Amino acid sequence: MRVNITVNGRPYAADDVWEGESLLYVLRERLGLPGSKNACEQGECGSCTVRLDGVPVCACLVAAGQAEGREVLTVEGLADHARRRSSATAEAAEAAGPGAPGAVRPGESEAAGAVRRGAAEAGRPGESVPLAPVQRAFIDAGAVQCGFCTPGLLVAADELLERNPDPSDADIREALSGNLCRCTGYEKILDAVRLAAARTAGEAV
Amino acid sequence: MAAGRTASAPTPLARTGGAPRGVVGESAPRPDGTLKVTGEFAYSSDLWHEDMLWGVTLRSPHAHAAIRSIDTAPALALPGVYAVMTHADLPAETHYGLEIRDQPVLAKDRVRYHGEPVAIVAADHPETARRAAALIVVEYEELPLVVDEATATAPDAPLLHPGRRDRHAAHVPHPNIVHRQPVRRGDVAAARARADVVVRRTYEVGMQDQAFLGPESGLAVPAEDGGVDLYIATQWLHIDRDQLAPVLGLPADKVRLTLSGVGGAFGAREDLSMQAHACLLALRTGKPVKIVYNRYESFFGHVHRHPAKLSYEHGATRDGTLLYVQCRIVLDGGAYASSSPAVVGNAASLSVGPYVVENVDAEAIALYSNNPPCGAMRGFGAVQACFAYEAQMDAVAAELGLDPVEFRQRNAMSQGATMPTGQLVDSPAPVAELLRRVKALPMPPERAWETAGGAVDVRALPGGLSNTTHGEAVVRGVGYAVGIKNVGFSEGFDDYSTARIRLEVIGGEPVALVHTAMAEVGQGGVTVHTQIARTELGVGRVTLHPADTRVGSAGSTSASRQTYMTGGAVKHTCEAVREEVLRRGRARHGAGHPAWAAPDRLRLADGKVVTDGGEVIGDLAEILGDEPIDLEREFRHRPTEPFDLRTGQGSGHVQYSFCAHRAVVEVDTELGLVKVVELAAAQDVGKAINPLSVVGQIQGGSAQGLGLAVMEEIVVSADGAKVRNPSFTDYLIPTVLDTPTMPVEVLELADDHAPYGLRGVGEAPTLSSTPAVVAAIRAATGRPLKRVPVRPEHLTDT
């Protein structure tokens with residue numbers, strides 16, 4: 001069958017998809033987006049976490065056909081997503097003052113957020129790539145070791161910060177409890193989420 | 001005295017003022033960090049090749065059976081299938097193994113464990129390959145099982161490997177014992193007669209899985225020269241190659257390996273898994289073949305931590321002096337040898353822990369059985385022993401009425417001590433100090449679940465959001481433990497590492513290229529290599545060549561050895577490059593400045609040649625010109641000796657590493673649910689090359705020890721030796737909700753024999769966290785708890 005999905009804002013069509021294929025398989029093997037990982041393929045580890053119409057899901061448990069016509073956000077699109085969110089929030093705040101809804105609008109300018117930070121840090125070797133705040137924080141806090149859990153954790157952590165910009169430690173633990181990490185013991189991951197929240201709050205002031 | 005640091009809050013990027021330069025001692029960022037957070041880092045399971053086939057393995061459903069026949073015709077008839085191979089199709093050597101080549105690439109006429117590979121299939125879609133494998137008809141005839149020491153050594157026991165000719169065959173008491181290592185020192189019988197207190201107990205450690213997240217995977221590409229290129233996640237490229245080449249019937253230079261992204265290892269990638277299968281299918285079909293295990297298969301696809309039964313007897317005097325230890329450690333190695341002999345050597349030589357004990361009678365053995373094969377896992381034989389000897393230390397302290405930390409400190413080894421093997425501990429061994437530090441840390445607040453207004457936050461209680469208690473029957477306990485781990489390969493092994501460094505001018509700037517075969521498995525070796533090259537060569541830009549077999553061996557990423565060994569090799573080769581820079585500079589400019597005559601007093605910094613007085617006398621880019629310096633060198637640690645087969649005497653280890661833990665737990669004593677509230681560690685690392693990574697290693701290792709303490713075990717059925725829980729649904733590893741705050745104290749007492757004085761970091765924290773957590777549960781419940789993992793039924797008599 002053919003499956004049409006919008007992934008990270010871009011429309012894709014995958015042909016010859018077998019009915020039993022998961023969204024994860026189609027992303028990784030048919031669309032050339034292997035960022036979402038395949039650590040358990042049974043919905044336990046969270047390494048394949050993507051957002052399906054905004055909601056975090058394990059892509060390994062979603063049949064590809066279920067994603068027909070829907071929007072998927074993967075780690076590959078996280079920096080863009082954060083940039084659009086940030087500029088939408090900034091513009092909304094400018095237009096309507098505090099309290100205006102921070103609607104996410106695709107295709108916004110590179111006014112604020114990730115790109116600006118990325119550019120400012122372009123002096124560091126190999127780090128001129130624009131990153132979402134949570135991606136930058138994972139690097140800075142030492143939350144990445146083997147990195148196999150990282151894509152899923154980033155999608156989950158970014159979604160947490162989107163709905164709760166100032167989470168308590170208990171909130172962070174609850175939000176990330178579906179994502180296994182075997183290397184870090186989670187301490188640096190907690191540090192990273194706290195750091196991303198603090199930096200984003202600092203920017204918004 | 002020691003420099004110490006507590007890292008519980010986010011660690012600053014640099015330790016000193018000024019901009020970080022990414023040199024030794026700074027928390028330089030990972031060079032692969034950006035790729036890993038953007039999803040672009042290519043793990044072995046992400047690889048793709050045009051025209052690629054998918055390989056799948058058919059595994060035995062029985063733990064012990066004779067194979068009567070195999071019919072592959074139905075599988076071959078399925079459209080999309082390109083090849084099916086069994087033992088009969090193997091072109092050359094049929095067996096492999098790390099220490100003993102006893103493991104069949106594909107089972108011949110007998111399977112020895114549940115999940116042993118029997119046939120492999122290549123097809124154009126992974127599901128087609130799986131369906132084809134399911135169509136293969138194998139006729140088995142089940143055989144009697146060997147499952148423990150009694151069945152392994154019974155008079156009529158079936159021999160797992162009849163006709164053994166390996167190097168241990170002659171000295172073991174039974175052919176179903178892989179290796180036996182005694183360690184004898186002093187006079188235990190005489191010491192026993194003098195003891196005021198004797199504690200004799202037995203302990204058991206369950207089978208732990210490494211549970212790395214990136215599944216076994218790789219891509220084999222047949223080459224035009226008849227060879228094969230394998231892109232693989234492994235711990236040691238060269239030993240994979242050395243096992244593969246004979247199996248493929250190819251010379252070593254036609255089996256080329258390149259490391260692809262590795263999603264964790266922890267010992268489980270030391271043995272071959274899918275490497276030979278992918279290469280065989282690729283050479284058979286003439287097409288690239290990719291194999292990716294799913295989680296279910298991963299549980300069958302690699303060795304596990306040896307489960308162990310340990311009998312210990314400790315004797316002490318009334319004043320708290322440890323007089324003797326007698327112990328016997330039985331490790332179940334499962335169906336094939338893997339690294340069991342080395343695990344035995346570790347368990348025996350480290351069996352009494354980091355204590356001064358004059359009289360020791362220890363013995364460790366590993367069995368051959370029909371249980372899953374066991375081999376390397378972080379801690380490697382020292383984990384099992386530490387659980388038992390630390391439980392014993394608590395028990396003896398209790399008998400003596402002494403504080404358990406004080407009793408440990410009174411018997412703690414220090415620099416200058418002698419191991420039970422006779423080896424002199426000739427570098428710092430701050431065992432008492434590490435215990436003092438974890439004990440001195442502030443305690444986490446009591447009753448943290450009580451919130452303002454009398455409400456209860458169940459997330460802070462045992463059972464968490466299951467809402468099983470609001471604090472009723474919840475009891476706190478505190479426990480301590482300390483351990484000793486060897487660093488590097490032991491017992492006379494010629495352990496070396498190779499680094500190639502190319503220093504050249506690119507765009508007017510000197511750039512160092514570091515080329516090693518080190519397997520980066522997440523530990524941050526790549527970061528360390530860039531830091532060392534910057535430090536030694538005074539350059540800002542360092543690039544890393546992909547790890548492959550075109551450069552000499554880097555040895556294994558295991559035994560906490562890579563920063564010491566391949567870090568040491570990078571340093572050693574950089575020093576040779578620096579010598580050449582100074583030789584060229586002297587030849588060109590020697591007449592111009594007297595300082596050139598004393599190269600020992602010159603260093604390279606910020607692209608310049610600088611005297612020890614700080615005067616710049618040369619420019620690196622100018623000296624190099626258009627002639628790069630490109631050198632490859634090997635680095636070795638001090639030689640070690642084998643342990644005597646009867647007495648265990650010998651300076652068998654390269655270096656020792658020490659870590660202490662304090663665990664605070666809260667137990668719901670009615671339901672048997674445990675919440676680890678805090679797990680504090682103190683470790684001596686000699687020199688923290690990258691402080692952020694060091695703390696990450698200690699916290700990660702501590703969490704794995706916590707997992708062994710309260711949740712992790714591969715359950716093997718007693719009647720059929722079958723794995724009952726090969727999934728993350730049934731084999732539980734700690735989540736962020738199970739893992740507590742982990743404050744870390746880092747000590748830096750230099751080991752003068754090691755590069756920069758560093759001490760291998762990775763494994764020591766995995767040892768003591770398990771007994772510390774269990775000691776805390778004992779303190780909370782008063783139960784003896786002689787087995788890990790501790791389960792609710794052990795706490796509730798259900």
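Source: prediction; values computed, not measured. Below, each value reflects all heavy atoms present in this structure, side chains not excepted, and no hydrogens, waters or symmetry copies. Chain letters run A, B, ... following the sequence lines, proteins first, then strands; residues in each count from 1.
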Enquirer: Out of curiosity, L465(B) CG to S177(A) OG, how far, rounded to the nearest 0.5 Å?
Expert: 7.5 Å
Enquirer: Near R163(A) CZ, under 6.0 Å, is it more than 12 heavy atoms from other residues, nucleotides or ligands?
Expert: yes
Enquirer: Please determine whether the number of non-hydrogen atoms from other residues, nucleotides or ligands lying under 6.0 Å from atom CG of D166(A) exceeds 12.
Expert: no
Enquirer: Could you check V695(B) against K188(A) for side-chain contact (heavy atoms from CB on, under 4.5 Å), going step by step and ending with a plain yes or no?
Expert: CA-CA 9 Å; V695(B) 172; K188(A) 301 297 181 202; 3.5 Å; yes
Enquirer: Would you say Q145(A)'s side chain and G696(B)'s backbone share a donor-acceptor pair under 3.5 angstrom?
Expert: yes
Enquirer: Of the listed residues (L176(A), N38(A), L33(A)), which shares the most heavy-atom pairs with chain B below a 4.5 Å separation?
Expert: N38(A)
Enquirer: Does any backbone or side-chain atom of S702(B) lie under 4.5 Å from a heavy atom of chain A? Answer side chain, backbone, both or neither.
Expert: neither
Enquirer: Determine the option with the most heavy-atom pairs under 4.5 angstrom with chain B, choosing from S47(A), C146(A), G35(A).
Expert: C146(A)
Enquirer: If you apply the rule side-chain contact (heavy atoms from CB on, under 4.5 Å), what do you find for E187(A) with T741(B), and how did you get there?
Expert: CA-CA 7 Å; E187(A) 284 282 80; T741(B) 303; 3.8 Å; yes
Enquirer: Under 4.5 Å, counting heavy-atom pairs only, tell me which of L78(A), V144(A), T150(A) racks up the most with chain B.
Expert: V144(A)
Enquirer: Of the non-hydrogen atoms in L180(A) and L213(B), which two are nearest, and what is the gap between them?
Expert: O-CD1, 3.0 Å
Enquirer: Give me the atom names and distance for the closest heavy-atom approach of A703(B) to G185(A).
Expert: CB-CA, 3.7 Å
Enquirer: Do you know which two heavy atoms are closest between G39(B) and V75(A), and how far apart they sit?
Expert: CA-CG1, 3.8 Å
Enquirer: Highest number of heavy-atom pairs under 4.5 Å with chain B: which of G142(A), C183(A), A192(A)?
Expert: C183(A)
Enquirer: Could you tell me which non-hydrogen atom of T184(A) sits nearest to which non-hydrogen atom of Q699(B), and how far apart they are?
Expert: O-CB, 3.6 Å
Enquirer: Is it true that R295(B) and E41(A) make a salt bridge, defined as a side-chain N closer than 4.0 Å to a carboxylate O?
Expert: no
Enquirer: Just verifying a value: how many Å separate D140(A) CG and R30(B) CZ, rounded to the nearest 0.5 Å?
Expert: 13.5 Å
Enquirer: With a 4.0 Å cut-off on N to O distance, would you call R459(B) and D171(A) a salt bridge?
Expert: yes
Enquirer: For V37(B), does its backbone N or O pair with a side-chain atom of Q135(A) as donor and acceptor, under 3.5 Å?
Expert: yes
Enquirer: Give the intermediate values and the outcome of side-chain contact (heavy atoms from CB on, under 4.5 Å) for residues T34(B) and I139(A).
Expert: CA-CA 7 Å; T34(B) 300; I139(A) 296 176; 3.8 Å; yes
Enquirer: Answer with side chain, backbone, both or neither: which region of P740(B) has an atom nearer than 4.5 Å to a non-hydrogen atom of chain A?
Expert: backbone
Enquirer: What residue, out of D32(B), T735(B), L679(B), has the most heavy-atom pairs lying under 4.5 Å from chain A?
Expert: T735(B)
Enquirer: Should the heavy atoms of other residues, nucleotides or ligands under 6.0 Å from CG of D15(A) be counted, would the total exceed 12?
Expert: yes
Enquirer: To check you understand the geometry: which heavy-atom pair defines the closest contact between Y25(A) and P126(B), and what is its length?
Expert: OH-CD, 3.4 Å
Enquirer: Could you name each residue pair satisfying salt bridge (Lys or Arg N to Asp or Glu O under 4.0 Å) that touches residues 27-40 of chain A, not counting sequence neighbours?
Expert: E21(A)-R30(A), R28(A)-D46(B), E29(A)-K290(B), K37(A)-D46(B)
Enquirer: When the ring planes of Y43(B) and F148(A) are compared, do they come out parallel, tilted or perpendicular, using 30° and 60° as the limits?
Expert: perpendicular
Enquirer: Output the option from Q697(B), E40(B), E127(B) having the highest count of non-hydrogen pairs under 4.5 Å with chain A.
Expert: E127(B)
Enquirer: Are S727(B) and E44(A) close enough, and set up right, to give a side-chain contact (heavy atoms from CB on, under 4.5 Å), and what steps lead you there?
Expert: CA-CA 9 Å; S727(B) 75; E44(A) 294 287 351; over 6 Å; no
Enquirer: With a 4.5 Å cut-off on side-chain heavy atoms, are I733(B) and R182(A) touching?
Expert: yes
Enquirer: Quick check: closest heavy atoms across C40(A) and F728(B), and the distance to 0.1 Å?
Expert: CB-CD1, 3.8 Å
Enquirer: Can you measure from CE (M742(B)) to OH (Y186(A)) and round to the nearest 0.5 angstrom?
Expert: 9.5 Å
